[in-house]
Novice: 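The structure's right below; bear with me while I get my questions together.
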Number of protein chains: 2
Amino acid sequence: MAKKLTIHPALKQLLEKGDKQFQSGLSVDCVIFGFHENVLKILALDVKYINKWALPGGFIKINEPVEQAAARVLQERTGVNNIFLQQFEVFSNPTRSDASVHQSRYKEFGIKIPKDNWLMQRFITIGYFALIDFTEVKTTESKMDAEYCEWIDISKLDNMMMDHQAIVLKALETLRTQLAYTPIGKNLLPKKFTMPELQKLYETILDKKLDRRNFQRRMLGFGILNKLNETRKGGAHKAPFLYTFNDKKYQRALKEGLYGSW
Amino acid sequence: MAKKLTIHPALKQLLEKGDKQFQSGLSVDCVIFGFHENVLKILALDVKYINKWALPGGFIKINEPVEQAAARVLQERTGVNNIFLQQFEVFSNPTRSDASVHQSRYKEFGIKIPKDNWLMQRFITIGYFALIDFTEVKTTESKMDAEYCEWIDISKLDNMMMDHQAIVLKALETLRTQLAYTPIGKNLLPKKFTMPELQKLYETILDKKLDRRNFQRRMLGFGILNKLNETRKGGAHKAPFLYTFNDKKYQRALKEGLYGSW
DNA sequence: GCAAAAGTGTTAACTGTACACCCATGT
DNA sequence: ACATGGGTGTACAGTTAACACTTTTGC
């Protein structure tokens, strides 16, 4: 027989006072992209009681801007602050909410959520995506679920709960589209990186091979890179030069785009 | 002394049962673009009791997808159905809500809204924009405010209530960005239109003069136009040819974009 | 016939793409 | 020394931008 655990006060409070503390029927979900060993990954929670993956998400406090709620979720799960975070879509299919998920969570503690509890209503969620440096993340335990986030391959995201897989796919699609006119990499790569590493990132996101030489010319042409006088030694073969992003120019390109279009 | 009017049942019900019918603290606001006499306009409501312009907006019914709520607002205000409608941003600044607007509306009927009424809370709004054919719109009276929408110039949108001006500006910015890789015009122009008319539309949105000949070549190159064997007569000077959009190809371009990018 | 607007064509500049060649490094 | 990956250069093709000329129409 399953051992009956003691419920965490925060979880209990969520049930009892959540409707007073949070914006009703609204949540944020974060698709947090990272890049490691030439694979694009996202942070996900292993939700044990339903045996599925979930996106890290949270509720919006009364009087809290949504962006701040998303940043808070990111901070809670990764310890990372001040990161690029972008809203990309609102998901509002009335059947997307699955009250049984909440029921399963509280069932562990022998609690059955009443039908009229605020958690049982239909939820609309605002999707955010973030790009973060894999090496900087210390996934931390959350009070709510006592779970750590884990990195999972973008290619292995079946078995996600509710509509979370669709949310990730939409985030990926948005990321791909933005790649054409927005700089990418600052938050996905370590401070110093090589041109081949940057190229791999692009190739991974676009799922496409790119010409080494033309890629380099184009990137340099954007004028957002600083070439350093160091090389990445240790690897076999010729040591590639290291680069950093030119912060000012990177930020400007983020706002104004890489091209002027018309 | 001001004449005391009789309140419309729908308005009364909004106050009393709104929290049962609608998603709490959430709304949609629509920036409805139209194009007439070479000027880009949006539909706005003249909110008499506060003497400001407002975007047509509404609440989201329990169990209604947000897109459907936006489409409903559009239909209620313009009589137009099945139109291009796109979510572009969520506005959630905690200070954006202005309860006094609601108070003013009900004050006309001698009603003071209690502080704990659902309308008095902070609202988060989801911004949608639509592009519609100016000539097809019959602005209709709404039950809620007994007001008609009016077309106002994009250049004259000071004096909007709350953060509605910022919402319009963001919509415009989004529209401009999308212009580069998405077809535009189908819903902003009459069925049949001339190349100079289409060009004027682009010039207006981009706020920029374009070369007549290169514009024509580019547009034709997209392959989304049908050239008709008719000309727009009556105007002074040479009669320009009429075009229609090729619906199939237009729809495909909407989904896949005008370019393949990478 | 003239001014203004529209249709059609041409050329030069630029950008992107496809390659070729050389260099550095570990085995 | 050679295989492999990285740095640099060039030439061709395709696209875009700039501009000239002709045609139609109302006054």
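We name chains A, B, ... by the order of the sequence lines, and we start the count at 1 in each one. This is a predicted model, so every value here is computed, not measured.
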Novice: To the nearest Å, how far apart are B:Met195 CE and C:dG7 P?
Specialist: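 After rounding, the gap between these two atoms is 8 Å.
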Novice: Using side chain to side chain donor-acceptor pair (under 3.5 Å) as the criterion, list what pairs up with A:Thr177, not counting sequence neighbours.
Specialist: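 Testing A:Thr177 for side chain to side chain donor-acceptor pair (under 3.5 Å), a comparison that skips the adjacent residues, returns none.
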Novice: In whole angstrom, give the distance that lies between atom CE of B:Met219 and atom C1' of C:dG7.
Specialist: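 In whole Å, C:dG7 C1' lies 17 Å from B:Met219 CE.
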Novice: Once you round it to whole Å, what is the distance between C1' of C:dA5 and CZ of B:Phe241?
Specialist: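 Rounded to the whole Å, the gap is 14 Å.
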Novice: Assess the pair B:Phe35 and B:Phe134: is the distance between their ring centroids shorter than 6.0 Å?
Specialist: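 No; B:Phe134 has its ring centre 6.0 Å or more from that of B:Phe35.
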Novice: Heavy-atom distance under 4.5 Å between the side chains of A:Thr78 and A:Ile132, does that happen here?
Specialist: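 The answer is yes; the side chains approach within 4.5 Å.
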Novice: Using whole Å, report how far CD of A:Glu197 lies from P of D:dG6.
Specialist: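 Spelled out: CD on A:Glu197 to P on D:dG6 is 9 Å.
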Novice: Find the distance B:Leu220:CG to C:dA6:P and express it as a whole number of Å.
Specialist: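 After rounding, the reported distance stands at 15 Å.
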Novice: For A:Phe215 and D:dG7, give me the distance from atom CZ to atom C1', rounded to whole Å.
Specialist: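 After rounding, the reported distance stands at 15 Å.
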Novice: Walk me through whether B:Phe193 and B:Leu201 qualify under side-chain contact (heavy atoms from CB on, under 4.5 Å).
Specialist: CA-CA 11 Å; B:Phe193 54 91; B:Leu201 171 61; over 6 Å; no
Novice: What integer distance in Å separates B:Leu242:CG from C:dG7:C1'?
Specialist: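 Going from B:Leu242 (CG) to C:dG7 (C1'), I get 14 Å.
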Novice: Does the plane of the ring in B:Phe245 sit parallel, tilted or perpendicular to the ring in B:Tyr250? Use 30° and 60° as the thresholds.
Specialist: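 Correct class here is perpendicular.
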Novice: With side-chain contact (heavy atoms from CB on, under 4.5 Å) as the criterion, how do A:Leu254 and A:Gln251 come out once you've worked through the C-alpha distance, each side chain's angles and the decisive distance to 0.1 Å?
Specialist: CA-CA 5 Å; A:Leu254 261 186; A:Gln251 293 306 326; 3.7 Å; yes
Novice: I'd like to compare against my own output: the B/S/- annotation of nucleotides 18-27 of chain D with a strict under-4.0 Å heavy-atom distance to protein.
Specialist: BBB--BBBS-
Novice: Could you list the donor-acceptor pairs under 3.5 angstrom formed by side chains in residues 81-89 of chain B, with sequence neighbours left out?
Specialist:
unit_1: B:Asn81; atom_1: ND2; unit_2: B:Gln75; atom_2: OE1; d: 3.1
unit_1: B:Gln86; atom_1: OE1; unit_2: B:Gln178; atom_2: NE2; d: 3.4
unit_1: B:Gln87; atom_1: OE1; unit_2: A:Val90; atom_2: N; d: 2.8
unit_1: B:Gln87; atom_1: NE2; unit_2: B:Tyr128; atom_2: OH; d: 3.3

Novice: Looking at D:dG7, I'd like to know if its phosphate oxygens (OP1 or OP2) sit under 4.0 Å from a side-chain N or O belonging to A:Gln216.
Specialist: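 The answer is yes; a side-chain N or O of A:Gln216 sits under 4.0 Å from OP1 or OP2.
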Novice: Identify, with sequence neighbours excluded, every residue that meets side chain to side chain donor-acceptor pair (under 3.5 Å) alongside B:Asn93.
Specialist: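 B:Asn93 satisfies side chain to side chain donor-acceptor pair (under 3.5 Å) with B:Thr95 only.
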Novice: OP1 or OP2 of C:dA5 less than 4.0 angstrom from a side-chain nitrogen or oxygen of B:Lys200, does that happen here?
Specialist: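 So the side chain of B:Lys200 is outside the cut-off, no N or O lying under 4.0 Å from OP1 or OP2 of C:dA5.
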Novice: Take the protein atom NZ of B:Lys209 and the nucleotide atom P of C:dA5, then report the distance between them rounded to whole Å.
Specialist: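 The answer, rounded to whole Å, is 11 Å.
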Novice: Detail all sub-3.5 Å separations between protein N/O atoms and N/O atoms belonging to nucleotides 14-16 of chain C.
Specialist:
none

Novice: Once side chain to side chain donor-acceptor pair (under 3.5 Å) is applied, do any residues pair with B:Asn187, and if so which ones, sequence neighbours excluded?
Specialist: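 Side chain to side chain donor-acceptor pair (under 3.5 Å) list for B:Asn187, sorted by chain: empty.
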